[in-house]
**Student:** 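I'd like to ask some things about the structure below.
Numbered from 1 within each chain, the chains take letters A, B, ... in sequence-line order. If you're wondering where the values come from, they're calculated on a predicted model, not measured in any experiment.
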Amino acid sequence: MAAAYDIQAVEKKWQDYWVERGTYQVDNDDPRPKFYCLCMYPYPSGPAHQGHVRNYTFGDLIVRHRTMHGYGVLTPMGFDSFGLPAENAALKTGVHPRSFTDERIAELKASILRLGSQYDWRREVRSHDPEYIKWSQRIFLRLLDAGLAYRKKAPVNWCPGCQTVLANEQVLADGTCERSGDVVVKRDLEQWFLKITAYAEELLADLDQLDWPERVKTMQRNWIGRSEGAEFDLEVQGRPDVKLRVFTTRPDTTFGMTYAVVAPEHPLVDELTTPDRRDEVRAFVDRVTLETEVERQTTEGSLEKRGVFTGSSVVNPFNSQPVPVYLADYVLMGYGTGAIMAVPGEDQRDWDFAKTHGLPIIRTVEPPDDWEGEAYTGDGPAINSEWLNGLDKERAIRKAIEWLEEKGIGVRTVNYRLRDWLVSRQRFWGCPIPVVYCPDHGVVPVPEDQLPVLAPDDVEFRPTGESPLRFHEGFLNTTCPIDGEPALRETDTMDTFVDSSWYFLRFTDAWNEDMPFSKEAASKWMPVDQYIGGIEHAILHLMYARFFTKALADLDIAPKELREPFSRLFTQGMIRLGGTKMSKSKGNLITPQQFFDTVGADALRLHHLFMGPPADDVDWTDAGIKGTSNFMQRLWRLADAESDAVPIAAESVEVEVNRAAHRLIARVSDEYERWSYNTAVAACMEFTNYLYKQGKTEFAVDSLLLLMAPMTPHITAELWERRHPGEHIHEQRWPEADVTMAAEETVVMIIQVNGKLRDRLNVKPSIDEAEMEKLALESPKVREVLDGSNPKRVIAKPPRLVNLVV
RNA sequence: GCCCGGGUGGCGGAAGGGAAGACGCGAUGGCCUCAAAAGCCAUUGUCCUUCGGGGCGUGUGGGUUCGAAUCCCACCCCGGGCACCA
């Protein structure tokens with residue numbers, strides 16, 4: 001009688017073994033070729049949910065698979081442990097965010113351990129660890145020193161719910177906060193920014209070299225939003241001292257300008273407004289600037305283009321005609337120059353505005369004859385444009401820019417949609433921005449030997465809308481590092497995306513006490529060879545991390561040649577329950593815990609792999625897990641050294657069984673490379689069914705276990721040890737298929753008549769076209785269908801298919 | 001509105017222009033058992049069938065091809081991203 005499969009004992013045994021043995025710990029002088037596999041470090045929100053399980057299952061599978069291929073795999077893990085939920089909890093319960101966070105880390109870590117995914121925990125980082133804070137702050141100061149961090153008063157996105165400002169990236173398209181869902185309002189505040197725009201061009205260009213999902217790259221390209229065009233000055237009639245600069249991507253259409261528009265926030269608004277228009281303009285500006293983004297956006301639509309005439313006119317430099325200047329809220333101060341020339345003939349927004357305000361429309365590009373639309377933005381010969389007439393769009397643009405540059409009126413420019421990254425947050429539970437404000441010296445960085453600047457513990461959490469740091473006298477009052485006179489500390493903390501923008505570098509050198517990481521360590525492991533995480537980070541985290549990597553390389557902190565942090569990216573699909581995303585906030589979590597206790601981690605992991613293609617969203621159902629759980633039991637009975645549930649293969653079929661095993665190795669190896677894990681699992685199940693029928697061989701069972709080792713590490717380790725005492729499956733080499741053994745002895749040839757399947761025959765793989773045709777014509781089933789007629793044409797694709805066309 | 005994905009049995013899904021539905025769940029039947037559970041074996045797209053087999057079938061309509069779930073065009077539906085960026 002064979003031993004039963006004691007899931008809990010087996011999984012515990014190997015989880016302890018891997019840690020004690022340090023199977024998945026790597027040192028920086030590891031002689032094996034390097035492979036850096038990283039799962040996005042999690043925000044600690046309590047016990048793992050299915051999204052974590054899915055993520056870490058893929059990651060662990062890659063770690064173990066690569067290890068079996070002889071790589072020294074760096075597999076670190078940590079916690080993105082600063083963030084709002086801990087602080088919100090503190091407001092409600094009074095529990096300090098640190099203890100709240102530490103508790104949740106412990107819970108999450110415990111479930112990660114039970115999943116059996118392996119990390120080099122010696123390298124663990126936590127964003128809220130004073131060591132980590134110290135290096136985040138040093139990096140901030142280096143950015144400040146290099147002019148990449150700066151302060152600026154700016155209209156910022158203020159979330160009344162979160163009581164903090166948000167980055168543009170954190171405001172949803174409908175003008176609400178991505179976290180709380182509150183309507184975001186604009187406020188003018190002094191804020192810290194990081195100059196990500198300095199890297200706009202490189203961030204865009206380097207996307208081409210990344211092995212990332214196309215849609216993530218597309219999202220980033222759209223976000224950066226590069227557009228080429230020209231900037232030029234418009235003279236204001238009767239005001240030789242004032243010039244209005246506009247940006248356009250279509251300088252070829254300038255002859256069609258029938259008015260100009262400036263944003264309500266434009267600095268020249270007062271200059272441009274004539275006394276008789278003052279009251280109306282002021283009323284319009286007040287209305288627009290006090291509105292929320294949402295209100296401002298609800299005015300979108302063809303007939304509602306809102307604006308007001310300033311009373312001034314500017315001169316079209318191409319034809320010297322004066323045109324009126326309007327204020328309109330469809331022109332944004334934050335993009336280009338905050339002013340445009342309006343060409344209604346070739347821009348739908350301008351068209352709508354012109355119609356609403358009774359302004360003339362002149363087409364300067366000939367639309368196609370069958371054109372029935374309004375503004376025409378396509379290509380065509382220029383018309384009504386004097387010296388540009390007849391030229392196509394591209395040539396006209398070039399000529400128009402040349403003309404502007406010759407005359408010294410304007411220049412070719414490139415604009416980006418990307419804005420600088422607003423990083424200051426009026427929150428407590430984040431990394432303090434390490435500067436002080438001195439009455440005499442202004443903004444003074446805290447000297448590096450005084451880092452980290454840590455938030456005090458004895459603060460009171462009150463829903464005041466301001467950071468509790470503001471009211472802590474001991475923290476707030478300090479002295480100026482330059483003159484020793486009284487000064488005030490910065491009380492804002494950094495966006496938590498700052499922490500996650502360099503953690504992957506800290507992992508390479510987590511013990512370093514002198515600097516965030518050494519260039520040697522970063523050179524050894526970077527870039528990350530495989531990064532795995534959710535699609536929701538397609539823009540924010542992945543863009544910031546790319547920016548940091550480039551900036552740190554330029555600041556001589558990271559290796560100079562390190563321009564990109566993540567060579568390959570895989571974004572897993574979301575887990576849904578009944579059509580909606582499974583998440584804590586939606587309250588529809590199915591925790592993995594119950595499955596650890598019943599079917600075990602291996603069956604749960606396998607279920608995640610089997611559910612569907614890794615990149616696809618999946619609907620969670622409890623039912624399916626029975627299949628992988630059964631399979632584990634079936635595998636145990638097949639492979640346990642003492643089990644006789646499956647007989648040894650008869651001598652007559654032994655070779656064929658081994659040949660099938662070689663085919664399995666070839667197939668599954670390929671499927672691992674292609675991330676086709678659901679079919680890899682299917683192949684293993686199919687092969688198991690086959691062995692139940694045909695009988696097993698040593699080679700077949702060993703191969704099966706090796707191929708499954710990265711997917712179901714515990715059961716395969718146990719079975720391997722029982723079959724090969726003293727050996728560890730995860731220290732074995734990945735099996736290789738023998739090509740001649742894997743080749744099929746006979747294949748099925750299908751015979752079609754007019755593309756319809758009529759017969760199938762077993763043939764040798766070496767069969768030639770003539771032989772195929774002969775066999776096809778001899779088939780009784782084919783003869784019946786042909787009914788005496790001769791095929792007009794024969795298509796033979798040896799050895800699998802022949803098609804007779806009649 | 002624009003840009004990406006995607007629509008295949010009762011369900012999750014497979015099929016790299018050449019056998020549609022691998023594998024799994026569910027369901028049905030059998031073996032084992034005093035019985036049940038577990039296990040093992042078989043059947044399972046749909047309609048017709050004289051049980052040999054035959055017709056139909058991958059969102060809809062067209063097309064390319066000897067051959068289309070797969071490629072092309074148009075449309076419908078679902079999911080995601082962007083959205084006054086001049």
Side-chain angles (χ1 to χ4, degrees), chain A residues 173-174 213-223 225-227 229 246-250 253 261 263 296-297 299-301 304-305 328-332 334-343 346-350 352-353 415-419 535-536 538-539 573-574 576 579 581 606-607 610-613 615-628 630-631 633-634 637 645-646 670 674 676 678-689 692-693 748-760 781 791-797 800-806:
Chain A
D174 64 355
E214 267 316 310
R215 68 174 169 146
V216 174
K217 293 206 266 187
T218 304
M219 280 155 88
Q220 294 217 346
R221 282 189 194 106
N222 291 340
W223 192 261
R226 182 183 199 275
S227 59
V246 294
F247 171 73
T248 180
T249 56
R250 295 293 305 275
T253 64
V261 185
R296 200 160 158 177
Q297 280 180 16
T299 58
E300 178 187 2
E304 295 181 81
K305 286 283 174 216
D329 64 350
Y330 78 94
V331 170
L332 309 172
Y335 186 78
T337 60
I340 62 159
M341 64 162 188
V343 187
E346 281 82 34
D347 185 295
Q348 189 61 41
R349 295 157 301 183
D350 296 345
D352 294 338
F353 190 88
N415 251 297
Y416 299 92
R417 213 190 72 115
L418 184 72
R419 309 289 157 79
I535 185 76
E536 65 273 19
I539 297 175
M574 276 187 325
R576 293 176 311 218
K581 182 185 169 165
L606 203 61
H607 180 55
F610 190 52
M611 268 195 289
D616 288 7
D617 287 352
V618 288
D619 273 304
W620 178 267
T621 50
D622 287 353
I625 205 164
K626 191 163 179 285
T628 53
N630 283 346
F631 179 45
Q633 299 289 344
R634 237 166 118 74
R637 289 192 298 274
V646 178
D670 177 54
R674 290 167 35 217
S676 186
N678 54 330
T679 57
V681 175
C684 291
M685 288 174 165
E686 211 174 340
F687 188 67
T688 302
N689 294 344
Y692 266 72
K693 282 201 192 75
V748 177
M749 177 181 97
I750 65 169
I751 305 170
Q752 298 178 332
V753 177
N754 287 338
K756 264 188 192 286
L757 174 71
R758 292 301 173 185
D759 201 2
R760 53 191 84 175
K781 286 176 188 162
K792 260 195 290 197
R793 204 176 145 191
V794 178
I795 290 117
K797 296 273 169 171
R800 292 206 182 265
L801 179 132
V802 59
N803 188 14
L804 309 176
V805 187
V806 293

**Student:** Syn or anti: how is B:rG12 classified when any glycosidic angle within 90° of 0 counts as syn?
**Tutor:**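 You should classify B:rG12 as anti.
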**Student:** Would you kindly check whether a donor in the side chain of A:Asn803 faces an acceptor in the base of B:rC66, or vice versa, at under 3.5 angstrom?
**Tutor:**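 Under the 3.5 Å cut-off, the side chain and the base do form a donor-acceptor pair.
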**Student:** Which part of the nucleic acid does A:Arg758 contact within heavy-atom distance under 4.0 Å: base, sugar-phosphate only, or nothing?
**Tutor:**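 Sugar-phosphate only.
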**Student:** Phosphate oxygens OP1/OP2 of B:rA38: is one of them under 4.0 Å from a side-chain N or O of A:Asn630?
**Tutor:**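 So the side-chain polar atoms of A:Asn630 never come under 4.0 Å of the phosphate oxygens OP1 or OP2 of B:rA38.
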**Student:** From C-beta outward on A:Ala682, which listed nucleotide comes closest to its side chain: B:rC82, B:rC23, B:rC84?
**Tutor:**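 The closest nucleotide is B:rC23.
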**Student:** Applying a 4.0 Å non-hydrogen cut-off, can you work out what A:Thr248 is touching in the nucleic acid: base, sugar-phosphate, or nothing?
**Tutor:**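 Counting heavy atoms under 4.0 Å across all strands, the contact made by A:Thr248 is with sugar-phosphate only.
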**Student:** With respect to the phosphate group of B:rA20, does any side-chain polar atom (N or O) of A:Lys756 fall under 4.0 Å of OP1 or OP2?
**Tutor:**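 A:Lys756 to B:rA20 OP1/OP2: no side-chain N or O under 4.0 Å.
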**Student:** How many Å lie between CZ on A:Phe631 and P on B:rC25, as a whole number?
**Tutor:**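 Rounded to whole Å, this separation is 11 Å.
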**Student:** Is any side-chain N or O of A:Lys792 closer than 4.0 Å to OP1 or OP2 of B:rC66?
**Tutor:**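 Indeed not, no polar side-chain atom of A:Lys792 lies that close.
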**Student:** A:Tyr335 has an atom OH; how far is it from atom P of B:rC84, in whole Å?
**Tutor:**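 After rounding, the reported distance stands at 12 Å.
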**Student:** Within the 4.0 Å heavy-atom criterion, would you say A:Gln633 contacts the bases, only the backbone, or no part of the nucleic acid?
**Tutor:**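 Since no nucleic acid heavy atom lies under 4.0 Å of A:Gln633, the category is nothing.
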**Student:** Does B:rA14 have OP1 or OP2 under 4.0 Å away from a side-chain N or O of A:Asn678?
**Tutor:**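 Looking at the OP1 and OP2 atoms of B:rA14, one of them is under 4.0 Å from a side-chain N or O of A:Asn678.
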**Student:** Under 4.0 Å from OP1 or OP2 of B:rC66: is there any side-chain N or O of A:Arg793 that close?
**Tutor:**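 Answer yes for this pair, as a side-chain N or O of A:Arg793 is under 4.0 Å from OP1 or OP2.
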**Student:** Less than 4.0 angstrom between a side-chain N/O of A:Arg221 and OP1 or OP2 of B:rC3, yes or no?
**Tutor:**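 For B:rC3, neither OP1 nor OP2 has a side-chain N or O of A:Arg221 closer than 4.0 Å.
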**Student:** Taking both distances under 3.5 Å as the test for a Watson-Crick or G-U pair, what stems of at least three pairs does RNA chain B have?
**Tutor:**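 Stems for RNA chain B, defined as runs of 3 or more consecutive pairs: B:1-7 with B:76-82, B:10-12 with B:23-25, B:26-31 with B:39-44, B:45-48 with B:53-56, B:59-63 with B:71-75.
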**Student:** Drop me the distance from A:Met611's CE to A:Asp619's CG, to the nearest 0.5 angstrom.
**Tutor:**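 A:Met611 atom CE to A:Asp619 atom CG measures 9.5 Å (nearest 0.5 Å).
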**Student:** Using a heavy-atom cut-off of 4.0 Å across all strands, would you classify A:Val748 as base, sugar-phosphate, or nothing?
**Tutor:**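 The residue A:Val748 makes base contact.
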**Student:** State which of B:rA86, B:rA22, B:rC41 makes the closest approach to the side chain of A:Glu686.
**Tutor:**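 Nearest to the side chain of A:Glu686 among the choices is B:rA22.
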**Student:** OP1 or OP2 of B:rC4 sitting under 4.0 Å from any side-chain N/O of A:Asn222?
**Tutor:**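 No, outside the criterion.
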**Student:** So, for A:Gln220 and A:Ile539, which heavy atoms are closest and what is the spacing to 0.1 Å?
**Tutor:**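 Taking A:Gln220 first and A:Ile539 second, the nearest heavy atoms are NE2-O, 3.9 Å.
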**Student:** Should the pair A:Tyr330 and A:Phe353 be assigned to parallel (<30°), tilted (30 to 60°) or perpendicular (>60°) ring geometry?
**Tutor:**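 The arrangement is tilted - the two ring planes meet at 30° to 60°.
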**Student:** Atom CZ of residue position A:Arg215 - does it have more than 12 heavy atoms of other residues, nucleotides or ligands inside 6.0 Å?
**Tutor:**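 No, because the 6.0 Å sphere around CZ of A:Arg215 holds 12 heavy atoms or fewer from other groups.
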**Student:** Tell me which nucleotide among B:rC25, B:rC40, B:rC66 gets nearest to the side chain of A:Val805.
**Tutor:**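 In terms of side-chain proximity for A:Val805, the closest of B:rC25, B:rC40, B:rC66 is B:rC66.
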**Student:** Does a side-chain N or O from A:Thr679 land closer than 4.0 Å to OP1 or OP2 of B:rC23, or not?
**Tutor:**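 Result: no.
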**Student:** Does a side chain donor of either A:Arg793 or A:Asn803 reach within less than 3.5 Å of an acceptor in the other side chain?
**Tutor:**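 Absent: no donor and acceptor within the cut-off.
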**Student:** Distance-only, no hydrogens or angles: does the A:Asp617 side chain make a donor-acceptor pair with backbone N or O of A:Met574 under 3.5 Å?
**Tutor:**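 Confirmed, A:Asp617 side chain pairs with A:Met574 backbone.
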**Student:** Measure from the side chain of A:Ile340, starting at C-beta and using heavy atoms only, and say which of B:rA86, B:rG16, B:rA83 lies closest.
**Tutor:**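 Closest of the options to the side chain of A:Ile340: B:rA86.
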**Student:** Can you tell me the distance, in whole Å, between the CG atom of A:Asp352 and the P atom of B:rA86?
**Tutor:**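 That distance rounds to 17 Å.
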**Student:** Who pairs with A:Gln752 by side-chain hydrogen bond (donor to acceptor under 3.5 Å, both in side chains), at least two apart in sequence or on another chain?
**Tutor:**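 Checked A:Gln752 against side-chain hydrogen bond (donor to acceptor under 3.5 Å, both in side chains); zero matches.
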**Student:** Across the strands shown, which category fits A:Lys693 at heavy-atom distances under 4.0 angstrom: base, sugar-phosphate, nothing?
**Tutor:**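 Sugar-phosphate only.
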**Student:** How would you label the glycosidic angle of B:rG9: syn (within 90° of 0) or anti?
**Tutor:**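 Base orientation relative to the sugar is syn.
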**Student:** Round to the nearest Å and state the distance from A:Leu801 atom CG to B:rG18 atom P.
**Tutor:**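 Atom CG in A:Leu801 sits about 10 Å away from atom P in B:rG18.
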